[in-house]
Amino acid sequence: MMKPRVRFAPSPTGFLHVGSARTALFNWLYARATGGSYILRIEDTDQERNRPELTEQLLEELDWLGLDWDEGPIYQSEKLERHREVVQTFLENGFAYLCDDENREVEGTGLTEGLAVRFRMPQNKTISFNDLVRGEVVFNTDDLEDFVIWRSNGSPMFLLANAVDDADMGITHAIRGEDLLSGVPKVLLLLDAMGAQHPIYAHLPLLVNEQRKKLSKRRDDVAVGDYREKGFLPEAMVNYLALLGWGPPDGVEIRSLAEIVEIFSIEDVNKAAAFFDIQKFEHINSSYLRNLSKEDFMERVEPWIGGETSWPKENFDPEKFSIMADLIQEKLRTLSDTPRFVDFLFLDTPEIDENSWKKTMKDPQTVDTLLGYVAGSFEDCAWETDVLKHLVTKAGEKVDLKLGKAQAPLRVAVTGRTVGPPLFETMACCMTREEVLKRISDTRKSL
RNA sequence: GCCCCGUUCGUCUAGUGGCCUAGGACGCCAGGUUCUCAACCUGGUAACACGGGUUCGAAUCCCGUACGGGGUACCA
């Protein structure tokens, strides 16, 4: 049997849509699972999209996801002559005709400036094909109209370019979104007119938002780059995307792409649209984050603590951060969570979270007394995790609070939040006695 | 309007005529652990859209209805 040849054929819009990424992934998976070739083709026949910088971004995102291609990128805009040639043949053979901007047929068999070309739809002809995901799909040509294949400005239309290039490139399987399903009969007719073979189609279910509408740029967060900037890992992204419209037979959802390749089958893909659930995505991402080695984690998190930050750059202490990394890595859902877990170490005064303050400082009298005891005992103790913990426990006992409650106001005083890294270890390892006492005293003054 | 596609817990899915009193995961709820939790552990909640067939037997096959979606451009 011939080795499959699949392609991902995005139109350059300046960013990679998560739905497109999913399509790219499934093509890639199919190629890798079958030993076929995965080809990248840029569909830039629309002049507005024929700009290199729009494509650059696309390639960069695909690269980030690790979806390497075997051939290409092939630019459709460079195939203009071939497209023209096919249209010209269609004109000569009567498969297509010239028409003016009022959609009136114009006599002639030669491509003419200012005139478009329409493909002539045969009458009452049944067209069917066997979709790998959906089974047999049937259309009748009477429901279809003559469609433009060549613009009056001298450029090919999408369907024409698509059909010609698939044929020329020897594409065996067209795996793509369901939104392209109704275009298939037209492409099949074009292929027939060229005397070319039909590829096998597989139409993937659409990715939808909470309104069950196709994910759109206007309403939804659709750019892969956005998720990248939010601190999602590429391996988590492709893992999650693979779970949309497909499920592993053994139920193990979190696994590497290499493993997925082993068990992936295009026939197992679902028919129904899938909701892009950010919560599940975050769960998967946090799992990948937790499993990163220290070294790897430090490298990946760098942009979030070394770039634009809420603290003055000169205050940053890599050694302290390295200690903190061990304490917070397992708590993160995305890399962008990192700064707020450590910012209090590098800010002169911690940023106090309003809700945290309200929650823990409800009883100023008690808090003041408690923090008084804490400050007193912190004055000249050994500056060690266990000692600090012990002293806070003792201080708590004096105001009748267990450690769980007693540490809360102190945590807010020191870090600004009720949620954060382990407090005593953080203070002992990354803060000085003076800093801590200063924050306690500042807090008591604002009670 | 017309054409096409779809419909299993809130969500993503397993399920391809008996293993289904429908399994897993996320979420949610409860409990536990812990110095906090948005971390971790344990348990629980919750679904075959509806109506007809076919069959000894249907979530699984067929038909219809309802609902949802996609397409219908000289965009891709």
Side-chain angles (χ1 to χ4, degrees), chain A residues 9-13 20 43-49 76 99-101 103 115-118 131 133-135 137-140 142-145 147-159 161-162 176-185 203 205-206 208 210-214 240 243-254 267-268 270-284 286 290 327-333 337 340-341 356 360 385 388-389 392-393 396 402-408 410-412 415 417-427:
Chain A
S11 159
T13 50
S20 301
E43 306 222 324
D44 56 353
T45 53
D46 183 7
Q47 318 249 329
E48 280 175 38
R49 308 195 187 196
Q76 211 160 47
C99 80
D100 63 18
D101 51 13
N103 284 346
L115 292 181
V117 178
R118 298 187 100 91
D131 190 283
V133 173
R134 275 146 227 286
V137 183
V138 184
F139 291 85
N140 187 292
D142 283 355
D143 298 318
L144 274 15
E145 279 138 28
F147 58 101
V148 175
I149 55 176
W150 190 260
R151 297 189 184 88
S152 55
N153 72 2
S155 62
M157 284 290 285
F158 157 67
L159 289 173
N162 191 269
R176 51 194 205 162
E178 199 203 333
D179 51 342
L180 299 175
L181 186 62
S182 15
V184 174
H203 286 90
L206 255 21
V208 297
E210 46 280 276
Q211 276 87 242
R212 298 252 127 211
K213 298 242 196 279
K214 181 165 78 160
Y240 179 58
L243 262 16
L244 260 21
W246 175 84
D250 60 7
V252 180
E253 295 185 321
I254 300 183
E267 284 88 0
D268 291 340
N270 285 151
K271 300 171 171 73
F275 170 60
F276 189 88
D277 185 357
I278 189 81
Q279 289 203 80
K280 181 145 185 176
F281 185 18
E282 282 179 344
H283 172 261
I284 290 172
S286 70
R290 264 198 301 285
L327 303 176
I328 64 167
Q329 188 179 341
E330 63 175 26
K331 295 172 183 291
L332 305 173
R333 288 182 309 187
D337 286 340
R340 64 200 170 114
F341 272 95
S356 296
T360 51
T385 305
L388 298 181
K389 181 176 175 181
V392 174
T393 308
K402 288 193 178 159
L403 184 55
K405 292 278 181 201
Q407 60 84 41
L410 177 61
R411 179 184 292 277
V412 174
T415 72
R417 299 185 184 87
T418 52
V419 174
L423 183 60
F424 305 116
E425 201 166 345
T426 303
M427 290 193 298

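Letters A, B, ... are given to chains in the order of the sequence lines, protein chains preceding strands, and every chain is numbered from 1.
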Check nucleotides 4-11 of chain B against the protein and report each pair of N or O atoms closer than 3.5 Å, with its distance, or say if there are none.
| residue | atom | partner | partner atom | Å |
| --- | --- | --- | --- | --- |
| B:C5 | O2' | A:Arg134 | NH1 | 2.6 |
| B:C5 | O2' | A:Glu178 | OE2 | 3.0 |
| B:U11 | O3' | A:Arg212 | NH2 | 3.4 |

Hey, what are the protein-to-nucleotides 36-38 of chain B N/O distances that come in under 3.5 Å?
| residue | atom | partner | partner atom | Å |
| --- | --- | --- | --- | --- |
| B:U36 | O4' | A:Gln407 | NE2 | 3.0 |
| B:U36 | O2' | A:Thr418 | O | 2.7 |
| B:U36 | N1 | A:Arg411 | NH2 | 3.1 |
| B:U36 | O2 | A:Arg411 | NH1 | 3.3 |
| B:U36 | O2 | A:Thr418 | O | 3.3 |
| B:U36 | O2 | A:Gly420 | N | 2.9 |
| B:U36 | O2 | A:Gly420 | O | 3.2 |
| B:U36 | N3 | A:Gly420 | O | 2.6 |
| B:U36 | O4 | A:Lys331 | NZ | 3.3 |
| B:U36 | O4 | A:Pro422 | N | 3.3 |
| B:C37 | O2 | A:Lys331 | NZ | 3.4 |
| B:C37 | N3 | A:Lys331 | NZ | 2.2 |
| B:C37 | N4 | A:Lys331 | NZ | 3.0 |
| B:A38 | N6 | A:Arg340 | NH1 | 2.9 |
| B:A38 | N1 | A:Arg340 | NH1 | 2.6 |
| B:A38 | N1 | A:Arg340 | NH2 | 3.3 |

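The gap from the C1' atom of B:G15 to that of B:U7 amounts to 16 Å, rounded to the nearest Å. Using atom P as the reference point in both B:G10 and B:C29, the two lie 16 Å apart (nearest Å). Separating the P atom of B:U45 from that of B:G23 is a span of 10 Å, rounded to the nearest Å. Comparing B:C20 with B:C62, their C1' atoms sit 22 Å apart, to the nearest whole Å. Of the P atoms belonging to B:U42 and B:G52, the separation is 44 Å, rounded to the nearest Å. Taking atom C1' in both B:C56 and B:A66, one finds a spacing of 32 Å when rounded to whole Å. Spacing of C1' atoms, B:A47 relative to B:C12, comes out at 13 Å, to the nearest Å. B:C9 sits 15 Å from B:A59 when the P atoms are compared, rounded to a whole Å.
For the pair A:Leu403 CG and B:C35 C1', the computed distance is 5 Å after rounding to whole Å. In this structure, A:Asn153 atom CG and B:C74 atom P are separated by 12 Å, rounded to whole Å. Going from atom CZ of A:Phe147 over to atom P of B:U72 covers 12 Å, rounded to whole Å. Rounded to an integer number of Å, the gap from CG of A:Leu180 to P of B:U72 is 10 Å. Atom CH2 in A:Trp246 sits about 17 Å away from atom C1' in B:U16, given to the nearest Å. As a whole-Å value, the separation of A:Asp179 CG from B:A76 P is 14 Å. Between A:Asn162 atom CG and B:A76 atom P there is a gap of 10 Å when expressed in whole angstrom units. The CG atom of A:Leu144 sits 15 Å away from the P atom of B:G71 (whole-angstrom rounding).
Heavy-atom nearest nucleotides on RNA chain B were determined for A:Gln211 and for A:Val252, and the one closer to the 5' end corresponds to A:Val252.
Note that CD1 of A:Ile284 and CD of A:Glu253 are 6.5 Å apart. Values are rounded to the nearest 0.5 Å. Distance check: A:Glu210 CD to A:Asp277 CG gives 9.5 Å after rounding to the nearest 0.5 Å. The CG atom of A:Leu410 sits 9.0 Å away from atom CG of A:Leu388, with the distance rounded to the nearest 0.5 Å.
Residue A:Ile149 is classed as having no contact, given no heavy-atom separation below 4.0 Å to the nucleic acid. Within 4.0 Å of A:Gly183, counting heavy atoms only, lies no atom of the nucleic acid at all. Nucleic acid contact class of A:Asp100 (heavy atoms, under 4.0 Å, all strands): base. Residue contacts shown for A:Glu253 include a base, since a base heavy atom lies under 4.0 Å away.
Classified by interplanar angle (parallel below 30°, tilted 30° to 60°, perpendicular above 60°), the ring pair A:Phe281/A:Tyr240 is parallel.
Of the side-chain N and O atoms in A:Lys214, one or more sit less than 4.0 angstrom from OP1 or OP2 of B:G71.
Base pairing of B:U72 is made with B:G1, judged by Watson-Crick or G-U wobble geometry with both donor-acceptor distances under 3.5 Å. In this structure, B:A59 forms no base pair with any nucleotide, since neither Watson-Crick nor G-U wobble geometry is met with both distances under 3.5 Å. In a base pair of the Watson-Crick type (N1 to N3 plus N6-O4 or O6-N4) or a G-U wobble (N1-O2 and O6-N3), with each distance short of 3.5 Å, B:C40 is matched with B:G32. Pairing for B:A49 is with B:U65, a Watson-Crick or G-U wobble pair whose two hydrogen-bonding atom distances lie under 3.5 Å. Base pairing of B:A25 is made with B:U11, judged by Watson-Crick or G-U wobble geometry with both donor-acceptor distances under 3.5 Å.
Inter-residue side-chain proximity for A:Val117 and A:Val148 is flagged as unmet; no heavy-atom pair is nearer than 4.5 Å.
In terms of modelled atom types and a separation under 3.5 Å, the side chain of A:Asp131 and the main chain of A:His203 share a donor-acceptor contact. A:Arg411 places no side-chain N or O within donor-acceptor distance of the main-chain N or O of A:Pro422, the cut-off being under 3.5 Å. Proximity of a side-chain donor or acceptor of A:Asn270 to a complementary backbone N or O of A:Ala272 within less than 3.5 Å is not detected. A donor-acceptor distance shorter than 3.5 angstrom exists from the side chain of A:Ser356 to the backbone of A:Thr418, with no hydrogens or angles considered.
Of the N and O atoms on the side chains of A:Arg151 and A:Ser155, at least one donor lies less than 3.5 Å from an acceptor on the other residue.
Of all non-hydrogen atoms in A:Asp179 and A:Lys214, the two that sit nearest each other are OD2-NZ, 3.7 Å.
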